[in-house]
Structures are given as structure tokens and as C-alpha cells.
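This chain uses plain numbering: 1 for the first residue, then up along the sequence. This is a predicted model, so every value here is computed, not measured. Whatever order the structure lists ligands and atoms in, that order sets their numbers, starting from 1.
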Amino acid sequence: PNPADARDLTACDREPIHVPGSIQAHGHLLIVDPGDGRIVGAAGRADGLTRDMIGQTLSQALGGVLRNAIDDLPDIGPVPLAPVMIDGASWDLLAYRSGAHVVIEMLPALDQPPLDARFLGRMQALDAVLERASSLPDLMRNAAGVFRQLTGHARVMIYRFIDDEAGAVVGESRAEGMGTFMNHHFPASDIPRQARALYVRNRVRVIADVHAPVQPITGSVPGIEAIDLSDSMLRSVSPVHLHYLRNMGVGASASMSIIKDGALWGLVACHHPEPRDLSLATRLACQSLADSLARQIRLREETVLYRERIRLRAHEDTVLARLGPDDQLDQFFAQSAGPLAELVGADGFAAVQGSELFSSGSCPDPAALRHLADHVRQSAAITPFVSSNLERVIPAAAAYRDVASGMLSVTMSTEVPTILMWFRAEKLQVVTWAGNPHKDVPTVPGATLEPRASFAAWSDEVRGKSRPWTAAEVEAASRLVRLMLEARSSRRIRRLNAEL
Ligand code: BLA
């Protein structure tokens with residue numbers, strides 16, 4: 001069973017995290033009416049620094065240069081501005097538009113590497129470490145190390161979304177004394193839907209101190225506290241998530257989005273046992289390194305696909321050379337079924353054409369084969385049917401999961417369509433979850449969903465799944481069906497010509 005199904009996801013998914021009405025404790029926020037340049041709202045440390053600025057113009061509060069800067073802001077996305085000094089403290093500034101207002105955020109200028117030549121040199125060196133990785137697993141390990149150097153967090157993980165939006169830790173680097181989450185799985189509800197959507201837009205978040213009280217937004221305009229903080233770097237985070245981190249024994253967290261082809265592929269997740277903030281420059285450096293990581297991931301996936309394609313193509317001729325006479329399904333596949341199954345790494349191969357049926361290797365019984373063929377007849381004519389968890393799509397398949405947990409099917413458009421099916425046996429898998437994902441489900445309807453109390457490794461046996469079909473294998477099956485059809489019709493033409 002999919003643990004995410006058992007949960008009341010909506011409670012988590014509905015929390016409007018982009019309008020929290022407050023910011024984290026370590027910075028300040030000003031809301032400006034761009035028309036007259038007046039400050040209409042603020043939030044910040046209880047010392048009142050920014051609250052006293054409400055009603056002033058931005059120039060009065062922070063100096064004249066800022067006025068021009070906010071007039072030139074783009075419609076979307078934050079822009080770093082020149083830092084300011086107030087009462088001996090230095091602040092990094094960030095500005096963005098939010099509805100009719102402009103938001104200015106003040107992040108404490110930290111004693112972390114400034115954006116100078118040495119810092120840029122270091123960035124290049126870190127980027128080079130990513131490029132040097134020889135394989136995808138190697139890249140994941142290197143990436144965790146690189147982000148640990150950049151952020152100084154004690155445990156850095158590369159977290160990858162897998163099926164059902166659940167995910168697993170695929171790379172890790174940690175300081176002595178920090179426990180491991182390597183290869184641990186986490187359910188989808190740990191990062192709810194709206195958070196995943198927001199993280200495509202705003203790619204770096206820092207939770208500097210999971211114990212610090214939040215700073216509410218106040219102002220001179222009614223409803224100003226409900227301002228949209230999607231682009232914020234100081235936004236206070238969901239209390240449920242803070243609870244989650246505290247349960248994990250984490251004092252501060254940071255995460256960066258890994259976006260591949262416009263979608264959230266995964267996150268760089270950083271934990272620290274004590275409070276830890278990141279400077280604006282470090283945050284921006286993290287973002288650019290995460291983009292670089294995404295490119296490296298894509299490059300490596302493309303290389304794997306390309307190599308597999310070459311290997312599969314070399315195999316095609318063997319299959320085509322063994323095709324038998326096509327008057328009968330049996331004869332057509334008698335010699336070619338073995339290489340056909342081998343081509344895509346299947347345990348069995350079967351074909352159904354009208355009332356005729358052929359099977360070879362390890363396949364479900366004839367009645368089941370006909371049932372499966374009926375199920376995919378329409379859809380597989382357009383795109384291949386691909387599943388590595390057949391019983392999830394066709395529940396009856398649970399009865400023969402030992403031979404067919406995975407199925408790949410393509411329809412060959414012969415006069416009477418031929419449905420070709422490749423099968424893969426069940427591959428028992430033990431998945432280690434970070435804490436029991438089935439527990440902590442609220443028993444009272446409408447009750448608040450609490451994060452897990454324990455993240456201790458919890459093993460779950462997964463039934464009914466096969467090794468997944470790769471993109472190259474699916475592609476090879478479709479291609480081969482086309483080639484077989486061509487071979488068949490050119491043979492027919494030759495035969496007709498001979499008869500004439
Ligand atoms: C946010 N959950 C997050 C974030 C991460 C995780 C990385 C982004 C914020 C951050 O950087 O800390 C989860 N952290 C993980 C995972 C790993 C990790 C999977 O280190 C693995 C290595 N959380 C729950 C439940 C709810 C929930 C039951 O467990 C729902 C009520 C909610 N998680 C939740 C919310 C956010 C979140 C609402 C958004 C926080 C925000 O940005 O405001």
C-alpha cells in the first residue's frame with residue numbers, strides 16, 4: 001500500500017504557506033507603497049528597528065539611493081540591492097514586487113565568504129568537482145560534499161523524488177556524530193504539494209533557528225499582514241514543518257531546489273544541530289550551484305540513455321533475422337521470441353492476435369494473457385503501455401505477480417491488431433523509511449496532522465513490483481514493432497511479385 005494514500009493529505013496541502021503573516025526572527029522586512037515611497041508595513045526583531053519606520057518614506061528610513069532601485073524592479077523575482085549600515089550593523093538587502101507593493105528584506109550581513117574573487121574561485125572549484133563525477137551515484141556523493149563546504153551545515157543530503165512524489169536520499173555528506181539518512185525513503189506528505197510548487201519558483205530556503213519565535217507583520221494598511229511572500233527569503237515556515245525538524249533533532253535547515261526540465265527533480269537538504277543562517281551571497285551561490293547540479297544530472301542521464309540505445313540497436317538485427325513466416329502467429333515468433341525478450345531484459349514474451357495466442361518464457365496463463373491484451377488493446381496502439389507495478393493498474397494481476405509484476409506492451413497495427421507483451425517477474429524489495437510512514441495518521445477526522453515523532457529506520461517489504469523499464473527499453477520495443485511490421489510487409493510484396 002502507498003503510505004501517502006492513507007493520510008489526509010489535504011490538511012497539509014491546504015496550508016497557505018506563502019502568506020504566513022510573519023517572518024523569521026533573524027531579519028527585517030519593509031513593505032513599501034511604490035506610489036509615494038512610504039513604508040506601510042514592517043516586521044522584524046522585537047527591538048523595533050523597522051517598526052518605527054512605518055509611515056516614513058523609504059528614503060528617510062534607509063537612504064535616497066533605494067528609491068531609484070525599487071522603481072526599476074522587474075515584475076517577478078527578487079533583486080539584491082546594495083547593503084546598508086544601520087546603527088553599526090550591516091544588512092544585505094533584497095527587493096521584490098508583491099501585488100501592488102514592493103517588499104524590502106534585510107538579511108544580517110554575516111561573517112561568511114563575501115562575493116569577491118576568492119569566493120568566485122571557490123565556486124568554480126566546487127563546480128569542477130561536480131563535473132568530474134564519473135557516474136550519477138558519484139555525482140550525488142560529490143554534490144552533497146560540495147554543498148556541505150558551501151553552507152557549512154553538518155549534514156547535507158541529495159533528496160530525489162521518486163514515484164508517488166515520495167523520495168529517497170541518494171547522496172549524503174555529514175560531520176562526525178550526525179546520523180545517516182542515506183538510502184532512506186520519505187513519504188510524499190513530508191513535503192506537501194503547495195510547498196513543492198513554491199519551491200519551483202523560490203529555489204532556496206533557510207530556516208535559521210527552529211526554536212526562534214516568528215516576527216509578525218504589522219502596518220498602517222488593513223490586511224497588509226496577508227501579503228504574498230512567495231519570493232521571500234525571510235518567510236516564516238509552517239509550524240508543522242518546524243515541529244518535524246525539532247522531532248528530527250535538527251536546529252537549523254536549508255534546502256535548495258534541483259529543477260530539471262522545469263520540474264522539481266529533488267532537493268539539496270541541509271541540517272545543522274545548532275542555529276545557522278546563510279548570507280545572501282551564500283544563498284545565491286547555492287542557487288547557482290543547484291542549477292549547475294541539475295544540468296550535470298541531465299547530462300549524465302542523457303549519456304546513459306545514449307549508450308543503452310546503441311546497445312539495443314545492435315541487438316535488433318538478430319531479432320529481425322529470426323522472424324518466421326507470418327501466416328501464423330506461432331511461426332512468426334517461434335525463433336524470434338527468445339531474442340525479443342532478451343532485447344528488453346524481459347522474463348517472458350507473449351502475443352495475442354484475434355483468437356490466436358503465442359507465449360514464450362515466463363508468462364501468465366492464456367486466460368490472463370487475453371485479459372491483459374483486452375486491457376491494453378486501445379491504449380497501446382497509441383503509446384506503449386509501461387508498468388513496473390502491474391497490479392496497481394490491473395488489480396487481478398496480483399494473482400500472478402511472481403511472473404508478471406512488470407509489463408511492457410505495444411500494439412502492432414496488422415490487419416487484425418497484434419498485441420505484444422513483455423513481462424518481468426516480481427523483484428522483492430525492502431525499502432527503508434525514515435520512520436514508519438503508516439503511523440501518526442490521525443484517527444479523528446479533521447484532526448491536525450502531526451509530523452512523525454520518530455525517524456528511526458523502519459523497513460517495509462514491497463510486493464508486486466518489477467525492475468522498472470528504462471526509457472531506452474520502451475523506445476526499443478516500439479521501434480522493433482515498427483521494423484517487424486516493415487519486414488513483414490516488404491516480404492509480402494516480394495511474395496506477391498514472385499507470384500505475378
Ligand atoms: C517543508 N519538508 C519541507 C522541506 C523539506 C521537508 C526539506 C523544505 C523546508 C526545509 O528546507 O527544511 C522534508 N527534509 C524533508 C525531507 C528530508 C529532509 C523529506 O531533510 C529528507 C532528507 N511535514 C510533515 C507533515 C506535514 C508537513 C505531516 O511531516 C503536513 C502537515 C508539512 N513540510 C511541511 C510543510 C512544509 C514542509 C507545510 C513547507 C514549509 C515552508 O516552506 O513553509
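- We find the CG-CZ distance between Asp209 and Arg276 to be 13.0 Å, quoted to the nearest 0.5 Å.
- Between Gly219 and Ile54, the closest heavy-atom pair is CA-CD1, 3.9 Å.
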Inset, instruction - Just do the salt bridge (Lys or Arg N to Asp or Glu O under 4.0 Å) check on Asp13 and Arg196 with the steps written out, would you? - result: CA-CA 10 Å; Asp13 294 335; Arg196 290 193 300 266; 5.8 Å; no
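- Of all the heavy atoms in Ala404 and Leu390, the pair that sits closest is O-CD2, 3.6 Å.
- For the residue pair Ser466 / Arg424, no side-chain donor-acceptor distance below 3.5 Å is found, with atom types taken as modelled.
- Residue Ser236 has no nitrogen or oxygen atom sitting less than 3.5 Å from a nitrogen or oxygen atom of ligand 1, judged on distance alone.
- The shortest non-hydrogen separation linking Met106 to Leu234 is O-CD1, 3.8 Å.
- Listed by number with element, the atoms of ligand 1 under 4.0 Å from a non-hydrogen atom of Ser189 are 23 (N), 24 (C), 25 (C), 26 (C), 27 (C).
- If you take CD on Glu473 and CG on Leu408, they are separated by 8.0 Å, rounding to the nearest 0.5 Å.
- Under 4.0 Å from ligand 1, the heavy atoms of Ala269 that appear belong solely to its side chain.
- Residue Arg235 places a heavy atom under 4.0 Å from ligand 1.
- For Ser257 and Arg205, the side-chain atoms include at least one donor-acceptor pair closer than 3.5 Å.
- Within the structure, the closest approach of His184 to ligand 1 does not fall below 4.0 Å when heavy atoms are considered.
- Numbered from 1 in the order shown, with element, the atoms of ligand 1 that lie under 4.0 Å from a heavy atom of Val169 read 22 (C).
- The residue from Leu267, Ile158, Val268 that puts a heavy atom closest to atom 7 (C) of ligand 1 is Leu267.
- Atom 18 (C) of ligand 1 has its nearest heavy-atom neighbour, among His243, Glu172, His271, in His271.
- When only modelled atom types and interatomic distance are considered, Gln287 and Arg283 share no side-chain donor-acceptor pair under 3.5 Å.
- In summary, the atoms of ligand 1 found under 4.0 Å from a heavy atom of Met157, numbered by their order in the structure, are 20 (O), 22 (C).
- At a heavy-atom cutoff of 4.0 Å, ligand 1 is contacted by the side chain of Pro192 but not by its backbone.
- Some N or O of Ser255 is nearer than 3.5 Å to an N or O of ligand 1, by distance alone.
- Counting heavy atoms only, Tyr199 comes closest to atom 40 (C) of ligand 1 of the residues Tyr244, Tyr199, Tyr159.
- Contact annotation for Ser253 and ligand 1: only side-chain heavy atoms (C-beta onward) come within less than 4.0 Å of the ligand.
- For Arg132, the salt bridge (Lys or Arg N to Asp or Glu O under 4.0 Å) criterion is met by no residue, not counting sequence neighbours.
- Using a 4.0 Å cut-off between heavy atoms, Glu15 contacts ligand 1 through its side chain alone, with no backbone atom that close.
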For residues 258-273, run the donor-acceptor check on the side chains, cut-off 3.5 Å, and write out each pair with its distance to 0.1 Å, sequence neighbours left out.
{"from": "Lys260", "atom 1": "NZ", "to": "Glu301", "atom 2": "OE1", "distance (Å)": "2.4"}
{"from": "Asp261", "atom 1": "OD1", "to": "Arg298", "atom 2": "NH1", "distance (Å)": "3.3"}
{"from": "His271", "atom 1": "ND1", "to": "Arg155", "atom 2": "NE", "distance (Å)": "3.3"}
{"from": "His271", "atom 1": "ND1", "to": "Arg155", "atom 2": "NH2", "distance (Å)": "3.0"}
{"from": "His272", "atom 1": "ND1", "to": "Ala154", "atom 2": "N", "distance (Å)": "3.0"}

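- Contact annotation: for Val237 versus ligand 1, heavy atoms closer than 4.0 Å belong to both the backbone and the side chain.
- For Ile207, every heavy-atom contact with ligand 1 shorter than 4.0 Å involves the side chain, none the backbone.
- Residue-ligand proximity, Cys12 to ligand 1, at heavy-atom distances under 4.0 Å covers atoms 25 (C), 26 (C), 28 (C), 30 (C), 31 (C).
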